[in-house]
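So the structure is just underneath, and the comments pick up after that.
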Amino acid sequence: MLSHTHTFLLIDADYTVIDNIPIVRLYGRTKDGRSIVAFDNTFEPYFYALPKPGALKTLQKNLKTLKITTDTDETITIKKTETIKKTIGTENATLLKIYSHIPGHIPKIKDAIKDMPELDKKFEFDILFFRRYLMDKNLLPMTFIEATGKEPEQPLKDTVQSDITLLITSIKNTKQQNYTPKILSFDLETMQEGIAQKIILASIYTQGNYKKVLAYVEDNYPHSTILKDEKELLQKLAETIIKKDPDIITTYNGDSFDMPIIHDRSKKYKTPMILGRDKREITFHSRGRTTPAVTRGRIHIDLYQFISVIMRATIKSEVMTLNAIAAELLDERKKEMTWDQMKENWKHKKNLDKFAEYCLHDSLITYKLSKLILPNIFALSRLTGQIPSDVCRMTYGQLVESYAMKSASEKNIIIPNRPTSETIRERRQIESFTGAFVVEPKPGLHENIAVFDFRSLYPSIIVSHNIDPCTFMCSCCKTSDTNRVPGTDYYFCTKKNGFIPRALASLIKKRIAIKTKMKTTKPATPKYTDLYAQQYALKTVSNAFYGYLGFAGSRWYRRQCGESVTAFGRDYIHKVIDLAKTHGFEVVYGDTDSVFLKLIDTRQDLEKAAKKYLKEVNSHLPGIMELEFEGTFRRGIFVKKKTGTGGAKKRYALIDNEGNLTIRGFEKVRRDWSKLSKDTQEKVLRLVLSNQVDDAVSHVKEVVIRLKTGQVPLEELGIYTSVKRDLNDYEQIGPHVAAARKAQKRGIQIIPGQTIKYIITAGRGTISDKAELIQFAKDYDKDYYIKKQILPAAMRALSVFNITEEELMCEGKQTALSSFAKKS
DNA sequence: TTTGGTGTGGTCTGGA
DNA sequence: TCCAGACCACACC
């Protein structure tokens with residue numbers, strides 16, 4: 001039979017078993033736009049066994065005759081065994097590679113042999129078959145690969161729908177080509193009908209400005225297609241997606257909303273929804289935190305998953321709704337339509353064109369978000385070797401772990417086993433270790449501040465001090481004093497490089513190279529976007545390594561490693577502080593890896609002194625460690641602690657020479673404060689940093705009056721808080737829990753993880769008694785908002801100028817006398 | 001089961 | 001009624 005060769009972008013992978021033969025399926029797209037599925041039936045499932053010393057031969061012999069009978073009377077045997085040399089930690093070892101017939105046998109064989117006296121340890125038995133394949137063949141998702149093979153047999157061919165199918169005889173990496181994956185975004189609008197969610201609209205947006213709304217009530221919207229009913233809508237949706245044949249189907253929260261609804265409704269109508277290239281319906285496999293809705297080949301990426309987990313810390317918005325995220329990341333304005341309006345419109349079948357437009361807009365902004373975010377997901381895919389549909393649902397721990405596993409495999413190092421739940425529990429119970437050092441600031445206004453920070457402090461410590469579970473207290477260095485951890489009896493090997501430091505060093509090196517390249521690349525070009533995504537992926541994974549070492553679920557867990565990293569960190573920041581003092585600086589503040597300095601002699605030139613200091617610090621730093629000059633700030637405010645004495649850590653505001661504000665820790669940057677108090681505080685901070693304390697005071701007074709006279713709309717008074725657990729599991733009932741419980745009684749569903757918005761309403765009782773979700777609030781408690789929202793937020797900045805609450809609370813002019821009179 | 005520790009501050013709770 | 005300590009959420013790095 002004729003042999004073919006195809007070069008294609010690898011987008012997805014899975015495996016199936018036919019006639020007891022496991023077959024890896026690689027889904028992709030050729031450069032000329034044809035879909036392809038390449039099958040490989042030559043890869044064999046396996047895991048490793050480490051025999052007890054001298055027991056290798058016996059173990060091998062015993063395994064040969066092993067027969068396992070399962071509950072279903074199936075007999076499982078081992079396909080074959082091989083001896084193989086690998087590195088365990090830093091030691092070389094000879095292991096037995098145990099092959100099974102199908103992947104599903106591996107856990108059963110592993111369990112069956114666990115009591116064999118010749119067996120010491122088992123490794124790499126929980127790596128999913130197709131992931132093992134990609135790892136062993138060095139194939140990276142979202143890169144081009146070249147496969148040679150022949151026409152598959154019909155039964156195999158029939159498992160998928162694709163322009164090209166190929167039974168692989170050989171496969172390898174190849175030169176990268178230009179191909180931008182085709183993205184399609186869709187969105188549903190639903191209405192509650194009895195206990196079911198009924199789909200009333202579906203919209204699709206894809207490249208070439210393709211816009212489509214599917215409906216079954218005439219709406220006179222130019223992009224609408226009017227169908228007979230919901231069943232036809234579903235059919236048309238599937239048909240359109242298949243016809244458009246995207247590589248990526250993106251949704252915003254499709255895992256828990258759009259996809260399950262499509263699935264449920266299609267069950268009701270018995271119209272299977274096959275959106276992927278395998279011939280299966282959408283599958284849902286609960287994976288703890290999430291239940292991914294998976295379509296194969298045409299992969300479903302839920303942007304919400306990635307944004308809410310990996311991008312969470314970079315998102316400023318109080319809520320994670322599509323509109324809020326689009327507003328923040330795309331600067332897109334909302335289409336104004338409230339849920340109540342939609343319900344009304346649907347009920348009376350009016351303004352349906354607006355409804356359709358609204359629905360389409362959601363698909364459009366999902367598409368635009370995809371364009372922005374998918375490059376980052378793809379870059380992480382290439383870095384970790386995991387398929388994008390997995391990457392978009394990963395946590396930081398999983399990203400680091402994937403990268404570490406891939407690196408270990410490349411270096412012929414055995415991947416440590418995942419801890420058992422028992423081990424995880426034990427690890428969690430151990431006392432946590434000491435972390436970073438934070439300088440207590442002197443409250444007040446400071447002028448001309450220079451800010452420095454270490455470039456990637458913890459990653460560079462891990463690399464520079466060879467911090468790794470296997471180099472910790474090594475026997476070869478025993479009494480070595482050259483790499484001792486400050487303030488402890490710990491040390492790390494100085495002879496052999498650890499696996500983690502090596503893996504991390506390569507990430508850091510690559511990132512530096514990319515950042516250099518970016519400087520000579522024109523921004524807003526595809527090349528630049530790609531470089532940005534690459535460095536983003538490298539940074540994301542590097543920064544999570546330290547946490548991963550101390551993470552109870554980690555395969556490379558070693559508490560003392562995390563402890564050592566922070567101990568070195570504290571040592572370095574102290575050294576940097578000490579040196580600053582010898583350079584005529586006063587240390588204003590510092591946290592973990594940063595120092596804020598000002599000159600004691602203010603006649604000196606700050607920039608000059610800063611540069612000189614920087615040069616000296618860096619001349620003393622080992623390895624790849626480096627202190628960086630962040631810049632200078634015209635003024636900065638640090639405030640008193642509310643309780644106790646001294647300055648508050650992690651709360652400050654800076655203004656630079658261009659008038660830009662940097663606000664950290666204050667109510668302004670917290671979502672669990674009302675918009676009114678946040679806005680007021682920001683204004684106060686800006687005025688105070690511009691030496692306009694009087695204006696700040698009068699601004700607060702105005703706000704107080706607005707509150708007193710009931711002029712403030714409820715919208716500005718809502719407080720966002722997330723409900724972290726089931727409403728029955730709280731020991732203490734705070735305002736947000738009280739509000740949520742009341743709402744639940746009115747039939748509103750409250751799920752753990754949800755963010756609610758509540759108001760403290762007028763009335764009597766405790767604050768919790770008065771808390772109501774904003775949609776149920778009719779008024780607000782003036783006293784609460786003045787005394788517990790506006791004044792505390794404003795006073796934070798004003799109390800350093802000895803202004804009192806009383807001065808802010810009174811209308812009109814305030815004198816020292818009347819203030820005194822009020823107190824007594 | 002879903003990277004780490006440090007830190008602030010609001011509200012509730014229960015005992016004096 | 002007052003107050004300390006617990007609980008809770010969210011920020012910083």
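Residue numbers begin at 1 in each chain, while the letters A, B, ... track the order of the sequences. Values below: all heavy atoms of this structure, side chains included; hydrogens, waters and symmetry mates excluded.
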* Side chains of A/Q386 and A/R131: do they bring a donor and an acceptor to under 3.5 Å? -> yes
* To do: Return the residues of residues 541-549 of chain A meeting this criterion: a heavy atom under 4.0 Å from some atom of DNA chain B. Order them by number, or give none.
  => A/A544, A/Y546, A/G547, A/Y548
* To do: Going 5' to 3' through nucleotides 11-16 of chain B, assign each nucleotide B (protein heavy atom under 4.0 Å from a base atom), S (under 4.0 Å only from sugar-phosphate atoms) or - (no protein heavy atom that close).
  => BBS---
* **Pairing residues for A/Y458 by the side-chain hydrogen bond (donor to acceptor under 3.5 Å, both in side chains) criterion, not counting sequence neighbours** => none
* Tell me what A/R312 touches on the nucleic acid: a base, only sugar-phosphate, or nothing, going by heavy atoms under 4.0 Å. => nothing
* Structure fact -> In whole angstroms, the gap separating P of B/dG9 from NZ of A/K678 amounts to 17 Å
* Residues that A/S722 engages under side-chain hydrogen bond (donor to acceptor under 3.5 Å, both in side chains), provided they are two or more places apart -> A/R671
* Asked: For the pair made of CD1 in A/I310 and C1' in B/dT2, what is the distance, rounded to whole Å?
  -> 11 Å
* Determine the contact category for A/F666: base if any of its heavy atoms lies under 4.0 Å from a base atom, sugar-phosphate if only primed atoms, P, OP1 or OP2 are that close, otherwise nothing. => nothing
* **Sequence-distant partners of A/K640, salt bridge (charged side-chain N to carboxylate O under 4.0 Å, His left out), two or more places apart** => none
* With sequence neighbours excluded, tell me which residues meet side-chain hydrogen bond (donor to acceptor under 3.5 Å, both in side chains) with A/S677. => A/S674, A/Q789
* Please work out which residues in residues 390-401 of chain A have a non-hydrogen atom less than 4.0 Å from an atom of DNA chain B and list them by number. => A/T395, A/Y396, A/G397, A/Q398
* Would you please confirm or rule out a distance under 4.0 Å between OP1 or OP2 of B/dG5 and any side-chain N or O of A/T566? => no
* Residues touching DNA chain C, which here means a heavy atom under 4.0 Å, drawn from residues 639-654 of chain A -> A/K650, A/Y652
* Counting only side-chain N and O atoms of A/R796, is one of them less than 4.0 Å from OP1 or OP2 of B/dG10? -> yes
* **d(CZ, A/R427; C1', B/dG5) in whole Å** => 18 Å
* List in chain and number order the residues that pass salt bridge (charged side-chain N to carboxylate O under 4.0 Å, His left out) with A/K724, two or more places apart in sequence or in another chain; answer none if no residue qualifies. => none
* With A/R670 via side-chain hydrogen bond (donor to acceptor under 3.5 Å, both in side chains) - residues at least two apart -> A/D672
* To do: Give a yes or no on whether A/K675 atom NZ has more than 12 heavy-atom contacts from other residues, nucleotides or ligands under 6.0 Å away.
  => no
* To do: Please work out if A/G665 contacts a base, only the sugar-phosphate, or nothing of the nucleic acid, heavy-atom cut-off 4.0 Å.
  => sugar-phosphate
* Is DNA chain B part of any stem, that is, at least 3 consecutive Watson-Crick or G-U pairs with both distances under 3.5 Å, and where? -> B:4-16 with C:1-13
* On DNA chain C, which is the earliest and which the latest nucleotide, 5' to 3', with an atom closer than 4.0 Å to a heavy atom of chain A? -> C/dA6 to C/dC13
